[in-house]
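Below: one structure, written as structure tokens.
As a basis for the values below, the full set of heavy atoms in this structure was taken, side chains included, without hydrogen atoms, waters or symmetry mates. Since the structure is predicted, the reported quantities are computational estimates derived from the model, not experimental observations.
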Amino acid sequence: SRALEWIGDCFDNSLPFSLHVCEGALFLWLWCEGLPIRSAELYERLKQRGTLVVPGHHFFFGLDEPWRHAQECIRINYSQPETVVREGLRMIGDELSRCYQGR
């Protein structure tokens, strides 16, 4: 998808992130390995900036033990117009940079 290209434009390439395989849905799963905050806090920070994502922990229910990965993922919907998606990705990339820099 074009959203994958836009992430390359909007994210600092030094950020420790990866994307789960996109299988034709209208969203991407972004994994931020070693994310210094929980995905729910990242959601709140992005919401304050006008960008909505879904924290990953909502999708990891029923686990017998806590799994850090569940707190390091967010779901990003890219079904909006290009300008909206690009701006959202730019904000996500910026906020992730802030997180990893301890801000």
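Summarising the geometry, atom CD belonging to Gln48 is positioned 10.0 Å from atom CD belonging to Glu95; distances are rounded to the nearest 0.5 Å. In this structure, CD on Glu72 lies 9.5 Å from CH2 on Trp67, to the nearest 0.5 angstrom. The NE2 atom of His69 sits 10.5 Å away from the OG atom of Ser39 when rounded to the nearest 0.5 Å. With rounding to the nearest 0.5 angstrom, the CD atom of Glu5 is 12.0 Å from the CG atom of Leu89. Between atom CD1 of residue Ile76 and atom CD1 of residue Ile7 there is a gap of 5.0 Å, rounded to the nearest 0.5 Å. In this structure, the separation between SG on Cys73 and CG on Leu42 is 11.0 Å, given to the nearest 0.5 Å.
Annotation for Ile37 and Arg68: closest pair O-NH2, 4.0 Å, computed over non-hydrogen atoms. Shortest non-hydrogen contact noted between Leu35 and Gln71 is CD2-O, 3.9 Å. Across Phe11 and Ile92, no two heavy atoms sit closer than the pair CZ-CG2, 3.6 Å. Closest approach of Arg103 to Arg45, counting heavy atoms only: O-NH2, 2.6 Å.
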Between Val54 and Asn77, is the side chain to side chain contact (heavy atoms under 4.5 Å, CB included) condition met? List the steps. CA-CA 9 Å; Val54 180; Asn77 182 305; over 6 Å; no

Evaluation steps, side chain to side chain contact (heavy atoms under 4.5 Å, CB included), between Leu30 and Val53: CA-CA 10 Å; Leu30 179 70; Val53 298; over 6 Å; no

Before giving the answer on side chain to side chain contact (heavy atoms under 4.5 Å, CB included), spell out for Leu52 and Lys47 the whole-Å C-alpha distance, their side-chain angles and the decisive distance to 0.1 Å. CA-CA 5 Å; Leu52 295 177; Lys47 181 178 160 186; 3.8 Å; yes

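For the pair Glu33 (side chain) and Phe17 (backbone), a donor-acceptor distance under 3.5 Å is absent. A donor-acceptor pair is defined here as one N or O able to donate and one able to accept, closer than 3.5 Å; such a pair exists between the side chain of Ser97 and the backbone of Gly93.
Side-chain atoms of His20 and Trp31 include no donor-acceptor pair closer than 3.5 Å.
For the pair Trp29/Leu19, no side-chain contact is recorded, criterion being any heavy-atom separation below 4.5 Å from C-beta on. For the pair Ser79 and Phe27, the minimum side-chain heavy-atom distance is 4.5 Å or more. Using a 4.5 Å cut-off on side-chain heavy atoms (C-beta onward), Asp12 and Tyr100 make no contact. A 4.5 Å side-chain heavy-atom check between Cys10 and Glu87 finds every atom pair outside the cut-off.
Note on Glu41 versus Arg38: no salt bridge recorded, every NZ/NE/NH1/NH2 to OD/OE distance being 4.0 Å or above. Ion pairing of Asp94 with Arg98 is present here, as a side-chain N (NZ or NE/NH1/NH2) and a carboxylate O approach within less than 4.0 Å. A salt bridge links Asp9 with Arg86; the closest basic N to acidic carboxylate O contact falls under 4.0 Å.
Trp6 has its ring centre no less than 6.0 Å from the ring centre of Tyr78.
Note on Leu4 and Leu96: same hydrophobic cluster, where clusters join Ile, Leu, Val, Met, Phe, Trp and Tyr whose side-chain heavy atoms are under 4.5 Å apart, directly or indirectly.
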